[in-house]
Amino acid sequence: YEGTNQLGLLLGVAGEYRFTPYSGARLSADYFSLSYPYLSKGALVQPTLGYANIAADYVFDLGTLLAGYTKSRRMDVALALGPVLSTRVMGNEDFMGSGKTALGAQVGIPVQWDLNEFWGLMLEPRARFFGKDYLSGWASSGSNMSKLLDVKVGLKYSFKDYDPVRMADE
């Protein structure tokens with residue numbers, strides 16, 4: 001979050017389908033929690049806030065755009081953007097209670113490194129944007145929005161060997 005250097009927990013799962021070598025769609029669900037320190041009645045308190053999110057992204061493959069499609073490419077870079085629905089599932093009633101839901105937008109740059117035809121590693125820096133009141137305490141001064149910046153690191157599994165050239169011939 002903007003305004004704090006606190007590390008939090010991010011757990012999630014995603015599924016992606018490639019329509020062409022250049023584009024695809026991704027659905028994801030995740031949970032993140034952060035601690036937010038603030039002063040309450042002269043004492044420093046640090047409640048943990050938890051958020052459950054569902055997102056849908058359009059994924060555009062930048063590696064294919066810049067270098068053309070190559071089945072043997074082991075590393076790929078893409079641009080992902082789309083809406084995200086977020087619900088606060090855990091909060092401190094004095095600060096920010098649970099139950100508040102907001103629709104926002106997200107943009108990420110997924111980078112994938114294939115270990116073999118099915119398994120790979122992924123890294124994705126991502127930014128999420130919500131209305132000013134949803135992530136109170138993390139809105140920029142004078143801004144009408146709150147920003148959440150995070151980095152996802154994970155393991156990727158492909159259920160079948162993706163080859164759009166072969167798929168077009170079938």
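What's counted below: heavy atoms across the whole structure, side chains too, no hydrogens, waters or symmetry copies. Along the sequence shown, residues are numbered consecutively beginning with 1.
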Could you measure the distance from the [atom1] atom of [X] to the [atom2] atom of [Y]? Nearest 0.5 Å is fine.
| X | Y | atom1 | atom2 | result |
| --- | --- | --- | --- | --- |
| Tyr157 | Leu115 | OH | CG | 13.0 Å |
| Phe118 | Phe159 | CZ | CZ | 11.0 Å |
| Leu85 | Phe130 | CG | CZ | 8.5 Å |
| Phe32 | Asp150 | CZ | CG | 7.5 Å |
| Ser86 | Arg128 | OG | CZ | 7.0 Å |

Of the non-hydrogen atoms in [X] and [Y], which two are nearest, and what is the gap between them?
| X | Y | result |
| --- | --- | --- |
| Tyr31 | Gly50 | OH-CA, 3.6 Å |
| Asp76 | Gly63 | OD1-CA, 3.8 Å |
| Asp61 | Thr64 | OD1-N, 2.9 Å |
| Glu124 | Ala80 | OE2-CB, 4.3 Å |
| Val84 | Ala105 | CG1-N, 3.9 Å |

Are [Y] and [X] connected into the same hydrophobic cluster when the rule is that any two of I, L, V, M, F, W, Y join if their side-chain heavy atoms are below 4.5 Å apart?
| X | Y | answer |
| --- | --- | --- |
| Leu149 | Met122 | no |
| Val111 | Leu81 | yes |
| Trp113 | Leu155 | yes |
| Tyr58 | Leu62 | yes |
| Val77 | Leu79 | yes |

Do Arg73 side-chain atoms and Gly68 backbone N/O form a donor-acceptor pair below 3.5 Å?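 Yes, the answer is positive, given that a donor and an acceptor are paired below the 3.5 Å cut-off.
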Using only atom types and a distance under 3.5 Å, with no angle test, would you say the side chain of Thr87 pairs donor to acceptor with the backbone of Val89?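 Checking the backbone N and O of Val89 against the side chain of Thr87, no donor-acceptor pair under 3.5 Å is found.
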Looking at [Y] and [X], is any side-chain nitrogen of the basic one under 4.0 Å from a carboxylate oxygen of the acidic one?
| X | Y | value |
| --- | --- | --- |
| Lys156 | Asp114 | yes |
| Asp57 | Arg126 | no |
| Glu117 | Arg74 | no |
| Lys152 | Asp30 | no |

Taking C-beta and beyond as the side chain, do Val107 and Phe129 meet within less than 4.5 Å on heavy atoms?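 Of all side-chain heavy-atom pairs linking Phe129 with Val107, at least one is under 4.5 Å.
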Could you check Glu16 against Val59 for side-chain contact (heavy atoms from CB on, under 4.5 Å), going step by step and ending with a plain yes or no? CA-CA 9 Å; Glu16 182 178 328; Val59 181; 3.9 Å; yes
Output the rest of the hydrophobic cluster of Leu123: all Ile, Leu, Val, Met, Phe, Trp and Tyr residues reachable through side-chain heavy-atom contacts under 4.5 Å, sorted by chain and number. Val151, Val153
Check the surroundings of atom CD1 in Ile109: do more than 12 heavy atoms from other residues, nucleotides or ligands lie under 6.0 Å from it?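 Atom CD1 in Ile109 is not packed in, count stays at 12 or less.
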Ser33 and Tyr51: side-chain contact (heavy atoms from CB on, under 4.5 Å), yes or no, with the steps? CA-CA 6 Å; Ser33 67; Tyr51 296 85; over 6 Å; no
